[in-house]
Amino acid sequence: MNDAITGFAALIDPTIGLCLVVGVLLGTLVGAVPGISATMAVALAAGFTLTLEPLQGLAVLLSIYVAAQFGDRVPAILINTPGTPASIATTFDGYPMAKAGRAGIALTSSALVSAVGALAGILILIFAAQPVAAFALRFGPAEMFALVVFGLTMMVGVSGGNVTKGLIAGAVGLLFGAVGRDPITGDTRFTFGIPELSSGIPFIAAIIGLFGIAELFNQIIESRKGKSPKPITQLGEWWPNRAQRRELRKPTAIGVGVGLVVGVVPAVGGDIAGIISWDQARRASKTPEKFGTGSLEGVAAPDSASTATMGGSVMTTLALGVPGDSVMAVMIGSMVVWGLQPGPGLFVNHPDLVFSLATIMIAATILALGLALVRMRGVVKLLTLPQRYLWAVIIVFCLVGTFAVQNSVFDVGVMFAFGLLALVMKRFNFPAGPLVLGLILGPLAEGNLRRALLIDEGAALYTSPIAVFLLLLSLLAVTVPVIRSLLIARKIRAHAHTRTH
Amino acid sequence: MEHTTPEHDPETPALMVVPTRRSAFLAALVVASAGAGVIVLSESITVSRSEGTFGPTWWPALMGMLLIVGGAALAVAAFFHRERSGNAPLSRHGLMQLAIVLLLIVGYGVAWLYLHFIVVTVLFLAALVFVTGARGPKALIVFPIVTTAVLYGLFGLLLRVPL
């Protein structure tokens, strides 16, 4: 109880309120503009929040994270383009609703259910973070290594892409994590005589390159003359009536349930939760045939699910030190710079932090909801803004933001190097997420595996029930998608064979 | 679990490209070569004290081996099926724009050494929006000045970054 009071009291500072408002405005804005994901926005913001106090900085980053999940529904519904990956499933029914003249109802309902999902997820953070951290305190090197492997393989397995390419990206990330000092002996590795590399690859510069520059360059090379989105401007009715509100209940409950479960799984974000819950809500619906054609239920389920993952993601990140999703991977980098090492020990050293973060997220949710309900019509105008202005602003923000972290030109060079690397990876369908996760968790994975091997030649890896369980889950995470795609390919071949005969 | 998603809107057709088998082999070769390079480089790490098998060179060498295995797996996979890409095709116009943007970024970095941040950033932003197709005083004068003012206010004045 004392921790809760201390946590709430730490926020009685007007500058934190200001940071929160700035974060919510920025988050709503970046969410509403296709091409800037929440991960990219948090990566860019990390450049200028590092000079703030930890709680002020966290208020900015967390409120961007929360508000982006409200703003991203606008382009998903009005131009059939998700503002961030979390709103992919919103397009399935949101855009058909907008085409049918019901954009207003879709936008308002989406905002309401998103708030319900977000608040439910924050409860997970409040009540589960400390017990999970207490449990994780018992983890030895073998369990910690297994946890890192679990996080990495989950990100690779559930992303739906090529598993081999995901694993290669993860291995490259782990390799980049080895640059600098050895975690056990302190010997320098792969520094090539560059003093700036002795403390490792500058993380913030790398992530700004991976998520900011690479995405931007990719948009530029894919751009075509005269190609711009045409948003639906006829919003229709704004507020759902009683029957429509009743219609929202069941899919929202399904969405929240799915989001809470998916949220606590390391490295799995709102995009996955949204798609799963859309599918589950369709199966549970009395009118499944309406899904995909403009069903209000089809908007409520994914939107409540994607926001419900946030609390669980923050909990996993703080309690285990393994990022809950890609935004949290970026946040870990900032927290480390502030001297807050996420992991089981965090709640021993800062037990009040969980309550401060939960309060920030609740306030951000309420503010973002208010903004979504009141100002949504204004945000619509953003969708007609030519991309060239966005590109120019992002390039300069990436440059100046990266330089600002350590006043280092070397960091700017690292940012561009990682940006170009990620661009090539993207064109060859290698995901950037596992690379970032590998980069963050590399020292943790290497240090713990080597310790486990030095202590008992790694016996704990196959005798510890927790380690065995996590490693088995990891194996399933990378094998199930492969087996599933093989089975689907076989089914398609058999079907084609039957049709030719 | 099988997910069923609605059909794509015919008004916004998905632009897909299928990578050629040659590019898949190229990717496999690059990955495997990188792995081999890492193993060679890890041999050159100076170790201050012996830690047995699991010393500072072990982990990078292990990752190098994983990359070689991964590269081989990609090559084998390329034999059996062509992977569909989610990327839109490159455009000549876009590639030209990127080349010019990269040149402008290099020029910006060099100019920043000699001129004040405000001057170079206003010019840089104007040049950026110009090469990407913007015309007129609002785009080429107002936008760069306002954006530079916001950047300088945030980083230079508020956060005291030495710009």
Select one option (side chain, backbone, both, neither) describing which atoms of [X] are under 4.5 Å from chain A's heavy atoms.
X        : answer
B/Ala139 : both
B/Ser44  : neither
B/Val101 : side chain

Minimum-distance pair of heavy atoms, taken over all atoms of [X] and [Y]:
X        : Y        : answer
A/Asp187 : B/Pro56  : OD2-CG, 3.4 Å
A/Tyr389 : B/Ala134 : OH-CB, 4.1 Å
B/Val129 : A/Arg388 : O-CD, 3.9 Å
A/Ala171 : B/Met63  : O-SD, 3.9 Å
B/Leu67  : A/Leu175 : CD1-CD2, 4.0 Å
A/Ala178 : B/Trp59  : CB-CD1, 4.1 Å

Using a cut-off of under 4.5 Å for heavy-atom pairs, which of [options] has the most such pairs with chain A?
options                             : result
B/Ala73, B/Gly133, B/Ala27, B/Gly70 : B/Gly133
B/Leu128, B/Val131, B/Leu98         : B/Leu98
B/Phe124, B/Phe117, B/Phe143        : B/Phe143
B/Leu66, B/Thr147, B/Leu74          : B/Leu74

What part of [X] lies closer than 4.5 angstrom to a heavy atom of chain B: side chain, backbone, both or neither?
X        : value
A/Leu423 : side chain
A/Thr191 : neither
A/Ala445 : both
A/Leu167 : neither

Return the orientation label for the A/Phe403 and B/Trp112 ring planes: parallel under 30°, perpendicular over 60°, tilted otherwise.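 If you compare the ring of A/Phe403 with that of B/Trp112, the planes turn out tilted.
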Rounded to the nearest 0.5 Å, how far apart are [atom1] of [X] and [atom2] of [Y]?
X        : Y        : atom1 : atom2 : answer
A/Ile395 : B/Tyr108 : CD1   : OH    : 11.0 Å
B/Phe54  : A/Leu453 : CZ    : CG    : 4.5 Å
B/Leu62  : A/Leu449 : CG    : CG    : 7.5 Å
B/Thr121 : A/Leu399 : OG1   : CG    : 9.0 Å
B/Leu95  : A/Ile220 : CG    : CD1   : 11.0 Å
A/Phe192 : B/Leu41  : CZ    : CG    : 5.0 Å

With side-chain contact (heavy atoms from CB on, under 4.5 Å) as the criterion, how do A/Phe430 and B/Val31 come out once you've worked through the C-alpha distance, each side chain's angles and the decisive distance to 0.1 Å? CA-CA 11 Å; A/Phe430 286 86; B/Val31 169; 4.1 Å; yes
Within a reach of under 6.0 Å around CZ of B/Arg92, are more than 12 heavy atoms found that belong to other residues, nucleotides or ligands?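 No, not enclosed.
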Count the heavy atoms of every other residue, nucleotide or ligand shown that sit under 6.0 Å from CZ of B/Phe25, and state whether that count exceeds 12. yes
